[in-house]
Amino acid sequence: MARRKYVVGNWKMNGLAAAMGEAEAIFAAAKGHAAVDVAICPPFTLIGAMAAAQPGAAVGGQDCHSAASGAYTGSVAAPMLADAGATLVIVGHSERREGCGESDADVQAKAEAALGAGLSVILCVGEPREVRESGGAIDYVLAQVAGSVPADFGADRLAIAYEPIWAIGTGLVPTVADVEAMHGAIRDALAARFNDKAQAMRILYGGSVNGENAAELLGAADVDGALVGGASLTAGKFVPIVAAAAALG
Ligand code: 13P
């Protein structure tokens with residue numbers, strides 16, 4: 001089944017108001033590649049302004065709390081993201097699983113909260129280096145998928161992002177064969193649990209994607225897009241990735 005390519009920028013903790021021009025340039029260029037879905041997830045502080053400045057563009061959060069409101073100092077709830085103009089949110093990024101101690105159950109609860117608030121979800125999974133080196137990467141990631149993907153969602157509302165931790169920000173990328181093996185295993189696991197819906201779900205690759213390697217990674221079997229960190233911060237680096245996705249149709 002044909003799945004639309006999806007290229008998402010995760011700005012992480014980068015971006016002051018001065019960076020809004022980059023988003024404007026990215027979304028302007030994306031209009032020329034209508035076959036590709038493009039989104040930017042800036043820091044919380046820029047979501048409202050970016051969504052207001054870019055009507056119709058997909059602007060998202062990088063995390064949300066699982067509760068709709070309450071005494072959770074410093075946290076942001078999914079309905080708040082939607083209220084600010086976000087249409088999607090990343091949950092389960094390794095920098096939160098590892099840095100903030102988020103479990104699969106936490107990630108699943110966040111995904112459920114986001115879906116309930118009307119947001120689309122990009123749910124991240126990925127193995128640490130020692131797990132890859134020991135040969136256990138697929139089992140590790142499938143356990144994350146089993147533990148963190150919610151039971152009920154529309155296929156167009158939840159994408160998985162496979163991000164091997166050792167490939168994030170390092171310039172290292174897995175071989176295409178390893179990416180295809182992982183994405184195929186994830187899709188098989190989704191099919192076993194969700195039947196036909198799995199064919200419509202998008203599975204993104206993330207970790208050191210750039211303008212040079214995007215065509216090869218995005219052209220791999222079962223790779224439906226990219227979740228991009230460092231190379232999403234400027235139009236000059238991000239737009240070539242969008243263009244590579246568009247060239248693949
Ligand atoms: P880099 O593209 O900087 O490796 O980051 C990937 C990532 O973590 C996106 O969520």
Side-chain angles (χ1 to χ4, degrees), residues 5-15 19 22-23 26 36-44 46-47 50 58-64 81 86-100 102 107 110-111 114 119-129 131-132 137 140-141 144-145 148-149 158-176 178-179 182-183 186 202-218 220 223-245:
K5 293 274 195 249
Y6 193 15
V7 178
V8 182
N10 173 11
W11 281 13
K12 308 191 179 184
M13 199 173 71
N14 299 289
E22 296 296 338
I26 288 165
V36 180
D37 292 331
V38 176
I40 298 177
C41 297
F44 290 133
L46 291 184
I47 289 173
M50 194 179 289
V59 177
Q62 300 169 13
D63 177 50
C64 65
L81 292 176
T87 57
L88 71 146
V89 63
I90 297 167
V91 297
H93 194 283
S94 60
E95 287 153 15
R96 296 205 57 90
R97 287 179 182 266
E98 293 207 315
C100 306
E102 293 184 6
V107 174
K110 287 172 182 236
L119 299 171
S120 298
V121 170
I122 298 174
L123 193 155
C124 302
V125 293
E127 82 283 357
R129 180 192 300 272
V131 171
R132 167 61 61 178
Y140 183 96
V141 167
Q144 288 183 318
V145 170
S148 52
V149 174
L158 189 137
I160 307 284
Y162 168 57
E163 299 203 302
I165 295 170
W166 49 273
I168 294 175
T170 59
L172 302 173
V173 290
T175 64
V176 167
D178 282 345
V179 172
M182 182 64 79
H183 282 230
I186 293 171
R202 293 186 287 195
I203 306 175
L204 316 184
Y205 169 78
S208 295
V209 177
N210 58 41
E212 284 75 54
N213 62 23
E216 186 178 32
L217 290 164
L218 288 164
V223 176
D224 305 309
L227 182 55
V228 185
S232 72
L233 296 173
T234 62
K237 289 190 171 166
F238 194 49
V239 173
I241 301 171
V242 176

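In listed order, ligands and their atoms are each counted from 1. Model, not experiment: these values are computed from the prediction. Below, all heavy atoms of this structure are taken into account, side chains as well, without hydrogens, waters or symmetry copies.
Scanning all protein heavy atoms for the shortest distance to atom 3 (O) of ligand 1 gives G230 N, 2.8 Å. When hydrogens are left out, the protein atom nearest atom 9 (C) of ligand 1 is E163 OE2, 2.9 Å; that is the closest non-hydrogen contact. Residue, atom and distance of the protein heavy atom nearest to atom 5 (O) of ligand 1 are K12 NZ, 3.3 Å. Considering only non-hydrogen protein atoms, atom 2 (O) of ligand 1 sits nearest to G229 N, 2.8 Å.
Between Y162 and H183, the ring-plane angle classifies as perpendicular under the 30° and 60° cut-offs.
Looking only at atom types and distance, the side chain of H93 has no donor-acceptor partner in the side chain of Q62 under 3.5 Å away. In summary, the side chains of R97 and S148 do present a donor paired with an acceptor at a separation below 3.5 Å, with no hydrogens or angles considered.
No donor-acceptor pair under 3.5 Å is formed between the side chain of E127 and the backbone N or O of P164. With hydrogens and angles disregarded, no donor-acceptor distance shorter than 3.5 Å links the side chain of N10 to the backbone of G229.
At under 3.5 Å, a nitrogen or oxygen of S208, whether backbone or side chain, sits near a nitrogen or oxygen of ligand 1. Checked by distance only, ligand 1 and G169 come closer than 3.5 Å through their nitrogen or oxygen atoms.
Side-chain contact between V209 and V7 is absent, with no heavy atoms from C-beta onward closer than 4.5 Å. Residues E102 and D63 form a side-chain contact, since some pair of their non-hydrogen atoms from C-beta on lies under 4.5 Å apart.
Close contacts of ligand 1 with L227, meaning ligand atoms under 4.0 Å from a residue heavy atom, involve 9 (C), 10 (O). When each atom of ligand 1 is checked for a heavy atom of G207 under 4.0 Å away, the hits are 4 (O), 6 (C). Atoms of ligand 1 found under 4.0 Å from any heavy atom of N10 (numbered from 1 in listed order, with element): 9 (C), 10 (O).
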